[in-house]
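One structure is given here, and the rest of the page talks about it.
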Amino acid sequence: MRRIASRYIAGETLPEALDKIQALARRGHTSILDILGEDVTTPEGARGVADEYLAAAEQLAQTKLDCYVSIKPTHVGLRLGEALALEGYRRLAKHLAKLDLFLRVEMEDHTTTDATLRMFEALARDFENVGIVLQSRLFRTPDDIRRLQALGPINVRLVKGIYLEPPAIAHVDPEPIRQAYLECSRLLLDQGAFLSYATHDASMAEGVLAQLRERQLSSERYEFQVLLGVQEHLWDKWKQAGHPVRVYVPFGPEWRPYSLRRLKKNPEILGHVMRASLGLS
Ligand SMILES: Cc1cc2nc3c(=O)[nH]c(=O)nc-3n(C[C@H](O)[C@H](O)[C@H](O)COP(=O)(O)OP(=O)(O)OC[C@H]3O[C@@H](n4cnc5c(N)ncnc54)[C@H](O)[C@@H]3O)c2cc1C
């Protein structure tokens, strides 16, 4: 597992993550810092995670690198209560604003969507340095986009959605998810959003790029976002074509569930690991 994980995570400690972010910057990529973890089970645990993020942000700010912070709602206590999670996010948004850092509220499975959007709406009214994630897999997302328009131009990471949702509320086949992604992109561009296209789907990205060309949008209005260790040839291709690429850099001792999710997503990696372990590659 460790071998598999080392491809997708920067390490267990903050210094290892900062080294990775520095190395990515030398390659021309900006980054996102994520402390691995989710579903905390006590309020003390939730507050502890927010404290950990605050300490990490202090050190990140000192590096002066272009990197922001991304946090899952259940990591700051959403399963224990919306007020607790919002308190954590507020504390972070306020402190990060002072450090000139951005905060991304991540999106988890559909049982958390309403609460996550409510928290984001509350945060966006008070802070400029906050963005959200929207999932094209969910049928509800176009309506959410229309509602969020009331906040003015927002900062969105658009994803397909990693959680397998029931067919009553979500697209389940790849092609409708792709079509919905392009539709959400269109809606968000029409609303003047800043868009982070978090995908490794090269052909879908071509569709996105066609929309951007049609609107003659400069690279200040969008970026691509990718996961550490996933489809690196695409990062360089996009970068060379003038499209900004930001890399998600997760770290921390809780690497096991994250790595398992990556492995499920791409079981071929297990083959590479087995071959390497046997000295065959
Ligand atoms: C920066 C970033 C942040 C994200 N944040 C969220 C979030 O907050 N909430 C959420 O629900 N989802 C999030 N996701 C995940 C996203 O929803 C998709 O599940 C994921 O990106 C895979 O979809 P794809 O668009 O890359 O296309 P796919 O068609 O799934 O993948 C394209 C190719 O890339 C490979 N690939 C893709 N992802 C992985 C992986 N993880 N490991 C190994 N190989 C892979 C596939 O094997 C395939 O060959 C995030 C993704 C990124 C890149």
Side-chain angles (χ1 to χ4, degrees), residues 4-10 21 24 29-38 67-76 78 102-113 116-117 119-120 130-138 140-141 144 155-165 169-182 184-185 195-208 222-235 237-238 244-250 255 257-273:
I4 296 165
S6 64
R7 177 182 172 132
Y8 297 119
I9 66 161
I21 289 164
L24 288 165
H29 301 311
T30 55
S31 306
I32 304 164
L33 184 73
D34 172 70
I35 303 177
L36 289 165
E38 55 205 330
C67 174
Y68 68 72
V69 171
S70 198
I71 309 178
K72 287 187 173 44
T74 68
H75 204 190
V76 284
L78 182 59
F102 185 80
L103 167 65
R104 175 80 59 195
V105 176
E106 296 201 342
M107 192 59 83
E108 298 178 88
D109 70 62
H110 77 277
T111 63
T112 64
T113 312
T116 302
L117 290 175
M119 290 193 294
F120 169 66
V130 181
I132 186 71
V133 177
L134 295 173
Q135 300 160 324
S136 72
R137 174 187 294 277
L138 294 184
R140 60 177 288 166
T141 300
D144 290 333
N155 185 314
V156 175
R157 173 193 295 162
L158 187 58
V159 298
K160 290 180 179 174
I162 192 139
Y163 306 90
L164 297 180
E165 304 286 9
I169 60 161
H171 302 287
V172 287
D173 293 322
E175 199 45 41
I177 296 174
R178 278 195 201 105
Q179 291 308 320
Y181 191 100
L182 293 174
C184 291
S185 166
L195 264 161
S196 297
Y197 294 105
T199 184
H200 317 89
D201 182 332
S203 68
M204 189 179 75
E206 286 304 319
V208 160
Y222 70 91
E223 65 187 11
F224 283 105
Q225 294 194 349
V226 290
L227 300 172
L228 193 63
V230 177
Q231 307 280 59
E232 293 202 21
H233 65 281
L234 271 182
W235 316 357
K237 183 179 150 205
W238 286 334
V245 176
R246 192 177 285 277
V247 185
Y248 190 84
V249 179
W255 48 267
Y258 179 85
S259 307
L260 275 172
R261 271 210 298 273
R262 305 280 80 85
L263 184 60
K264 271 194 205 146
K265 185 78 192 150
N266 193 352
E268 276 173 30
I269 287 161
L270 191 58
H272 297 312
V273 174

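Throughout, numbering of the chain's residues begins at 1 and tracks the sequence. Just so we're clear, the structure is a prediction, and the values are computed from it rather than from any experiment. Both counts, for ligands and for their atoms, begin at 1 and track the order of listing.
Backbone and side-chain nitrogen or oxygen atoms of Met107 are examined, and one is located within less than 3.5 angstrom of a nitrogen or oxygen of ligand 1. An N or O contact shorter than 3.5 Å links Gln135 to ligand 1 by distance. Inclusion of Tyr163 in the set of residues having an N or O under 3.5 Å from an N or O of ligand 1 is not warranted. Considering backbone and side-chain N/O of Ile162, one or more are found under 3.5 Å from N/O of ligand 1. Considering backbone and side-chain N/O atoms, Arg178 never comes within less than 3.5 Å of an N/O atom of ligand 1. Below 3.5 Å of separation, one finds no N or O of Val226 facing any N or O of ligand 1.
For the pair Tyr222/Val208, no side-chain contact is recorded, criterion being any heavy-atom separation below 4.5 Å from C-beta on. In this structure the side chain of Arg140 never reaches within 4.5 angstrom of the side chain of Ile169, judged on heavy atoms. Residues Leu36 and Ile9 have side chains in contact (heavy-atom distance under 4.5 Å, counting atoms from C-beta outward).
Here Glu108 has no heavy atoms under 4.0 Å from ligand 1, in either its backbone or its side chain. When non-hydrogen atoms are compared, ligand 1 lies under 4.0 Å from the side chain of Val133 (C-beta onward) but not from its backbone. Contact annotation for Gln231 and ligand 1: only side-chain heavy atoms (C-beta onward) come within less than 4.0 Å of the ligand.
When atom types are taken as modelled, the side chain of Tyr181 and the backbone of Leu158 share a donor-acceptor pair closer than 3.5 angstrom.
Considering only residues two or more places apart in sequence or on other chains, Arg137 meets the salt bridge (Lys or Arg N to Asp or Glu O under 4.0 Å) condition with none of them. With sequence neighbours excluded, no residue satisfies salt bridge (Lys or Arg N to Asp or Glu O under 4.0 Å) with Glu206.
Remark: among candidates Gln225, Lys160, Arg246, the nearest residue to atom 23 (O) of ligand 1 is Lys160, based on non-hydrogen atoms.
Using a 4.0 Å cut-off between charged side-chain N and carboxylate O, Glu223 and Arg246 make a salt bridge.
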Evaluate the side-chain contact (heavy atoms from CB on, under 4.5 Å) criterion for residues Thr112 and Tyr163: first the C-alpha distance (whole Å), next the side-chain angles of each, then the deciding distance (0.1 Å), finally the verdict.
CA-CA 12 Å; Thr112 64; Tyr163 306 90; over 6 Å; no
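Look at Tyr8 and you'll find a heavy atom under 4.0 Å from some atom of ligand 1. Judged by the shortest distance from any of its heavy atoms, Arg157 lies inside the 4.0 Å radius around the atoms of ligand 1.
Aromatic ring orientation, Trp238 versus Phe224: parallel (interplanar angle below 30°, classes split at 30° and 60°).
Under a 4.0 Å criterion applied to the non-hydrogen atoms of Thr199, ligand 1 contributes the atoms 24 (P), 25 (O), 26 (O).
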